[in-house]
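Fair warning: this is a prediction, and the values are worked out from it, not measured in the lab. If you read the sequence from its start, that first residue is 1, and numbering goes on from there.
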Amino acid sequence: MRISIGLHYEGIIVENNKKLPDAPIIIASNHPNSFLDAIIIGSILNRSIFFLARSDVFKAKWADYILRKMNLIPIYRIEEGHNNLNKNDETFSSCYEILEKDKCILIFAEGVSLVDRKIYPIKKGIARIGLGAESRNNFELGVSILPVGINYEQATKFNNRIIVSLGDLMPFIDYKESLSLIHI
């Protein structure tokens, strides 16, 4: 994938590049280019990553099998049917288990892919997964959020630059006191 990206884009500029620790991390990113964003993040970070993806792409049995082998996990959004939302209990449980093994999960914080150059409201999945995993482990797990921003000079065209900005790790333990105010 790195070779393919190199052929189609002038380059990827990574701001604040860092080696991630072997610890549970939720990568929270914007999502301006539906297919490429996960590939780009996966190609620049030094960790194996699990990805939350909208559930409708898992409908065919063969797709479900292949996508899960590629570390994709279905997330059920209201857009895919209100009656499916209870299936997220299994998704969240899977995420907790992944984090308990010191792995990384990528979540597109806005819940949708939009080319607009602005950030849309952030969905509650990051907080729910991170605080849920920590709560399940008495806040001894050490889950952190890694904020990531992706920007394409021209998202709909090839041969331009991609800028990826990595923020500082934000430990969930810092939000333990807020847990009493949040329904997980």
| request: Side-chain contact test, heavy atoms from C-beta onward, threshold under 4.5 Å: evaluate it for Ile40 versus Tyr152 and give yes or no. | output: yes
| Atom of Ala28, atom of Ile126 and distance for their closest heavy-atom approach | CB-CD1, 3.4 Å
| Can you tell if the side chain of Glu140 reaches within under 4.5 Å of the side chain of Glu134, non-hydrogen atoms only? | no
| said: How long is the straight-line distance from CD1 of Ile75 back to CZ of Phe58, given to the nearest 0.5 Å? | reply: 10.0 Å
| message | Do Ile98 and Asn71 make a side-chain contact, defined as non-hydrogen atoms from C-beta onward lying under 4.5 Å apart? | response | no
| query | Out of curiosity, Ile39 CD1 to Phe51 CZ, how far, rounded to the nearest 0.5 Å? | reply | 8.5 Å
| Closest non-hydrogen atom pair between Leu141 and Pro24, with its separation | O-CG, 3.5 Å
| field | Over all atoms of both residues, closest heavy-atom pair of Ile49 and Gly42 | value | CD1-CA, 3.9 Å
| request: For residues Arg47 and Lys103, report the shortest heavy-atom separation together with the two atoms involved. | output: NH2-CA, 3.5 Å
| Of Asn88, Val143, Ile107, the residue whose pairing with Ile129 passes side-chain contact (heavy atoms from CB on, under 4.5 Å) | Ile107
| request: Begin from the C-alpha positions of Ile26 and Cys95 and carry the test side chain to side chain contact (heavy atoms under 4.5 Å, CB included) through to its verdict. | output: CA-CA 10 Å; Ile26 297 175; Cys95 290; over 6 Å; no
| remark: Separation between CG (Leu146) and CE (Met170), nearest 0.5 Å, reads 10.0 Å
| query | Going by heavy atoms in the side chains, are Phe139 and Leu131 under 4.5 Å from each other? | reply | yes
What donor-acceptor contacts under 3.5 angstrom involve side-chain atoms of residues 62-69, with partners at least two apart or in another chain?
unit_1, atom_1, unit_2, atom_2, d
Asp64, OD1, Arg68, NE, 2.9
Asp64, OD1, Arg68, NH2, 3.4
Asp64, OD2, Arg68, NE, 3.2

| request: Identify the two heavy atoms, one from Pro171 and one from Leu169, that lie closest to each other, and give their separation to 0.1 Å. | output: CD-O, 3.6 Å
| task | To the nearest 0.5 angstrom, please state how far the CG atom of Leu99 sits from the CD1 atom of Ile25. | result | 9.5 Å
| Between Glu100 and Arg136, does a salt bridge (Lys or Arg N to Asp or Glu O under 4.0 Å) hold up when you go through it step by step? | CA-CA 10 Å; Glu100 288 166 354; Arg136 179 169 137 158; 2.8 Å; yes
| query | Quick one: CG on Asn137 to CZ on Phe172, what's the gap to the nearest 0.5 Å? | reply | 13.0 Å
| task | Kindly say whether Leu20 contributes a backbone atom to a donor-acceptor pair with the side chain of Asn46 at under 3.5 angstrom? | result | yes
| note | Rounded to the nearest 0.5 angstrom, the CD1-SG distance for Ile27 and Cys104 is 4.5 Å
| task | Is it possible for you to say whether Leu106 and Met70 belong to one hydrophobic cluster, with membership spreading through side-chain heavy-atom contacts below 4.5 Å? | result | yes
| task | Could you tell me whether the side chain of Ile162 reaches within less than 4.5 Å of the side chain of Asn151, counting heavy atoms only? | result | no
| Between Ile163 and Glu15, does a side chain to side chain contact (heavy atoms under 4.5 Å, CB included) hold up when you go through it step by step? | CA-CA 7 Å; Ile163 301 161; Glu15 298 174 343; 3.8 Å; yes
| said: Can a donor-acceptor pair be found, under 3.5 Å and without considering hydrogens, that links the side chain of Ser93 to the backbone of Asp89? | reply: no
| Is a donor on one side and an acceptor on the other found under 3.5 Å between the side chain of Arg128 and the backbone of Phe92? | no
| So which heavy atom on Ser29 is nearest to which on Ile41, and how close? | OG-CD1, 3.5 Å
| task | Report yes if some heavy atom in the side chain of Tyr76 is under 4.5 Å from a heavy atom in the side chain of Pro74; otherwise report no. | result | yes
| Any Lys/Arg nitrogen of Asp168 or Lys18 sitting under 4.0 Å from an Asp/Glu carboxylate oxygen of the other? | yes
| request: Check whether any side-chain heavy atom of Arg54 sits under 4.5 Å from a side-chain heavy atom of Val57, and report yes or no. | output: yes
| Can you check whether Asn16 reaches Ser165 side chain to side chain, under 4.5 Å on heavy atoms? | no
